[in-house]
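All values below come from the heavy atoms of this structure, side chains included, with hydrogens, waters and symmetry mates left out. Everything numeric in this text was worked out from a predicted model, so none of it was measured.
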Amino acid sequence: MIHPNQPLALSAAKNASTVVVGSPLLAASPASSPAAACCSSQLQQRRAAGPGRRGAGRLAAPRCSTIEQAAGVSSAVTVDRTLTVTATVTVQPPIGVVYAARGIDDLTDLIGKTLLLELVSSELDPRTGKEKETVSAFAHRTMKQDTYEAEFAVPATFGPVGAVLVENEHHREMFVKEIRLVTGADDSSAVTFDCNSWVHSKFDNPDRRIFFTVKSYLPAQTPKGIEALRKKELETLRGDGTGERKFFDRVYDYDVYNDLGDPDFKIEHLRPVLGGDEHPYPRRCRTGRPHTEIDPRTEKRRGPVYVPRDEQFSDVKGMTFSATTLRSGLHAMLPALEPLLANQELRFPHFPAIDGLYSVGIPLPAQLAAAGAAAAAAGGAAASSSSTNIVGGVIPRLVRMIEDTTDHVLRFDVPEMFERTDEEFARQVLAGVNPICIQLLTVAPPFPTTYTIHLRTTSLFDDVIPQKERIFARPVLEFPIVSKLDPEVYGPPESALTKELLESQIVESVTVEEAMAQRRLFILDYHDVFLPYVHRVRERPETTLYGSRTVFFLTGAGTLSPLAIELARPQSPTRPQWRRAFVHGPDATASWLWKLAKAHVLSHDTGYHQLVSHWLRTHCCVEPYIIAANRQLSRMHPVHRLLHPHFRYTMEINALARESLINADGIIEESFWPGRYAMELSSVAYAATWRFDAEALPEDLVRRGLAVRQEDGELELTIKDYPYANDGLLVWNSIKQWASDYIDFYYKSDEEVACDEEVRAWWEEVRTKGHADKKDEPWWPAVDTRDGLIGVLTTIMWVTSGHHAAVNFGQYHYGGYFPNRPTVMRKNMPVEENEEEMKKFMEMPEHVLLDTMPSKMQAITIMATLDILSSHSPDEEYMGEHAEPAWLAEPRVKAAFERFAGRMKEIEGIVDERNNDPELRNRCGAGIVPYELLKPFSTPGVTGRGIPNSISI
């Protein structure tokens, strides 16, 4: 337990004789302390008594015991010149690190000069008005493992210690967990400086690291003695915007996404720069790498992607997931499997063959032994002659040994979802892995429709169709449904989903107008966002795309029923526009066409989910918050300490995504239908639809028409049994209460928020640098009041926790059986093609469906990837589970966090109750997968539940 409010009761050093008054550690300045004034008065009275009185050579201890209630800290008095303070430094050595200078560092440990520590007073020298001289000492290794000690002779007038400076004398960085200061042998005087940070070698960087006390200060409240250090630390973290970043650096700066392709390696890898007028996008962390020869705008892809040192994975997390896992592992395994699969048909011959991936598995070929050795030589895996070493390192839970043999197979765990029924198709838009895209269909739009951008295309048809401003707008949820795209470019805007068609499919006796008035018609709309990419995606081999719309009807039982699907292909210079509506008809032909249409829609939903709901709205848009917070908010700032656990590992996982997942010819481009246009499409969605205020869960629900705000401010859900919204609002409200309690403790008025220069600079930088392409939008909220700040913080904390958990940790559960969420469709609808294709469909419709689904290699690649991305690390930190030391330092904050933790545990029970309530048919029933994605806690592995604090996978 940390007790930061206990003073450092400084004990007398040997041979000290001069009488002085000392200040307690972390207490207020003696000059402003009632206790100090009392003690000073007593001392003056005794000095006035003169040397002739008995006992003149010594003084009795002062009797003053006043407690400074305002600071919540005991004041203490000593009567000696110097005091003995012992610093105990706890470190965590890197696992398995061997380096050339190790012998020299071991010698440094032997002579007791491993770490140079400096204690910094939080007070100014009253004589000079400047910072007091620091007190230094070397820390030496002790007999206790991973522990170093230093002993200081501290002047009793030194005052509270506000910071510790650390210089690492080793040639290798060192992870410092904490520094504990104790006076004499009195453990009750202990004060802990929470570090949990890598300290670079002085041979890499001569600047000393700064660690502040666990007590949080607003900028205006910073003790005078450490004001300059507070500013200096922020200047260090901001850097000067020049040079290539080194592994050990801690510099946070902005850059555009210009490192996704490597045209110097292959011209086909050239990708557009994301960020700027042409392709608006959030910013990522600057690396400073040089640019390519072929395209001076593109950054070279050489070596690991830089992220600030403290943003990198812990050793435990690194062993669970790393760039090596994806790059060396999957890229070694899949080519080795390809010859084995190439001897068979490209597609699965029948659905039982797909089921065999989970029962029989795929024998692992001997080539993997060579692949494993090659990866080990490159540092990608431990050297081994085992043929399964490389695979076991990538997806160990998927590798099984065949009983009574030494052979191994790649066998996937059975995912939760195997159903392909209409009911399950509809249920998953409310309780699946992408429950945030369904919208209300109504006569009048529930929100302004001003989200438009100019989409500049590079289609092969540009030399035939004059270049125009091609408008993609967020679809207006009006009926009749009409496209907002340019009809001269894409063809007639009218939808094939007519009033007559929808009414023919509604099982109840209601008209379309009546259903809309009762808020019972909903739409999944991927028409205008995808239609501009149809021809370009179809240029890829074995890949197709449509713009799509799917309309659902809310039944009296509270479940959704799909009414109709519209698929559309835009016009081209040689072909007219094609669009058609599909319904679940009464005959076999209509039924199979309906299944094919559903598969296309599921593929569209899967692509949008991965690129927008998941990558863009969580990973990508959060990184600017992290960069700005580290550049503008001091480590002592309470807002920094509130947000810090919500930023853990995000920059590292984003860097790894740019390295192996979203890069040119990466896993996303290889396995998802957008291919090379994947990230460009996410840029289009960002420009057209993203706005910070709508990332708040209540506002998102209202914006999509899934909730109505009542006069009292409470939300009424349009669909009562909407598992994502029902559970999400519990989590949202719990987070908001925690943020409110926290902010109200540190800010006593709105004026204090408005005058906080660091918060103001942070939020200004988020808007003008991190999201620079949207800096002039009117919807950015202000942070000049407590409510405004609470709203912004709640939104960020929700996105990093609940939103990300809802769209990430169910990926294998819902997509592990790839027919449920195909990532690519390889064939057009047979009714769009010639008579020969239609004849094949009429003869063998199941074969046509399987031909349309992902190939074996695509399926295995994405299944293995989803297994990795859906997994919780053993060192995961869940919402309400871990308290930051600074929170424990303040009793009221600690109590508020304990209440928050209690609410999260209550949510666990509420979710279980809901999943067992037969009245809630979207989460309970025969064969229904319970909705657990927003259950707060989980064990390690692929569990389909758990809300980590941060976007850590």
Side-chain angles (χ1 to χ4, degrees), residues 341 344-359 412 415 417-429 432 524 526 530 534 537-538 540-550 562 564-569 578-607 671-673 814-863:
L341 299 175
Q344 306 174 35
E345 294 181 82
L346 183 65
R347 64 166 173 80
F348 289 89
H350 39 67
F351 279 99
I354 298 175
D355 299 343
L357 294 173
Y358 313 96
S359 56
F412 291 87
M417 182 47 56
F418 254 85
E419 295 292 330
R420 301 190 299 277
T421 63
D422 285 358
E423 292 77 12
E424 186 58 33
F425 169 58
R427 190 188 75 86
Q428 287 186 34
V429 303
L524 196 62
Y526 296 128
F530 290 163
V534 167
V537 168
R538 289 187 175 196
R540 298 183 64 206
E542 297 289 330
T543 310
T544 193
L545 177 64
Y546 294 97
S548 70
R549 297 185 179 103
T550 307
I565 292 171
E566 177 184 22
L567 300 180
R569 181 201 70 212
W578 179 90
R579 65 174 64 246
R580 177 164 171 172
F582 298 89
V583 297
H584 195 167
D587 57 65
T589 301
S591 179
W592 276 104
L593 287 173
W594 172 252
K595 290 179 181 178
L596 278 168
K598 278 199 307 180
H600 280 281
V601 171
L602 287 167
S603 176
H604 301 164
D605 189 64
T606 299
S671 304
F672 284 77
W673 57 260
Y814 289 92
Y817 181 65
F818 71 87
N820 185 54
R821 295 188 64 79
T823 58
V824 65
M825 297 297 279
R826 298 187 296 119
K827 301 291 183 182
N828 297 334
M829 291 290 290
V831 290
E832 183 197 349
E833 296 301 315
N834 52 43
E835 293 182 4
E836 184 177 346
E837 293 299 321
M838 191 63 187
K839 181 180 178 182
K840 290 180 182 178
F841 166 73
M842 296 297 289
E843 292 175 352
M844 300 289 288
E846 182 175 299
H847 283 192
V848 171
L849 178 58
L850 288 166
D851 280 339
T852 305
M853 292 281 188
S855 68
K856 292 180 180 178
M857 282 301 301
Q858 288 171 328
I860 292 170
T861 300
I862 202 61
M863 289 162 66

Please enumerate all residues that pass salt bridge (Lys or Arg N to Asp or Glu O under 4.0 Å) together with [X], with sequence neighbours excluded.
X: Asp355; result: none
X: Glu833; result: none
X: Glu424; result: Arg427
X: Arg580; result: none

Say whether, by atom type as modelled, one donor and one acceptor occur between the side chain of Trp673 and the main chain of Ser603 under 3.5 angstrom. yes
Considering only heavy atoms from C-beta outward, does the side chain of [X] approach that of [Y] to under 4.5 Å?
X: Glu542; Y: Val824; result: no
X: Leu602; Y: Pro819; result: no
X: Arg579; Y: Arg549; result: yes
X: Thr606; Y: Phe672; result: yes
X: Lys598; Y: Asp422; result: yes
X: Val601; Y: Pro562; result: no
X: Ile862; Y: Pro854; result: no

Could you list the residues that satisfy ring pair (Phe, Tyr, Trp, His ring centres under 6.0 Å) with [X], not counting sequence neighbours?
X: Tyr358; answer: Phe418
X: Tyr814; answer: none
X: Trp592; answer: none

Could you pull out all residues at least two apart from Val583 that satisfy side-chain contact (heavy atoms from CB on, under 4.5 Å)? Leu501, Gln505, Ala564
Which residues share a side-chain hydrogen bond (donor to acceptor under 3.5 Å, both in side chains) with [X], sequence neighbours left out:
X: Asp605; answer: Asn434, Tyr526, Arg821
X: Glu837; answer: none
X: His604; answer: Ser548

Under the criterion side chain to side chain contact (heavy atoms under 4.5 Å, CB included), I'd like the reasoning laid out for Leu596 against Lys827: C-alpha separation, chi angles, the key distance, then a yes or no. CA-CA 10 Å; Leu596 278 168; Lys827 301 291 183 182; over 6 Å; no
With ring-ring contact (aromatic ring centres under 6.0 Å, His included) as the criterion, how do Phe412 and Phe818 come out once you've worked through the C-alpha distance, each side chain's angles and the decisive distance to 0.1 Å? CA-CA 12 Å; Phe412 291 87; Phe818 71 87; 9.8 Å; no
Minimal non-hydrogen separation, [X] against [Y], with atom names:
X: Met825; Y: Ala599; value: CE-CB, 3.4 Å
X: Ser855; Y: Arg826; value: N-NE, 3.6 Å
X: Pro830; Y: Leu593; value: CG-CD2, 4.0 Å

Begin from the C-alpha positions of Tyr817 and Leu357 and carry the test side chain to side chain contact (heavy atoms under 4.5 Å, CB included) through to its verdict. CA-CA 9 Å; Tyr817 181 65; Leu357 294 173; over 6 Å; no
Only one of Phe530, Phe582, Trp578 passes ring-ring contact (aromatic ring centres under 6.0 Å, His included) with Tyr546, and that residue is Trp578
What side-chain donor-acceptor pairs closer than 3.5 Å can you find for residues 840-852, not counting sequence neighbours?
unit_1, atom_1, unit_2, atom_2, d
His847, ND1, Arg347, NH2, 3.4
Asp851, OD1, Arg347, NE, 2.4
Thr852, OG1, Val848, O, 2.7

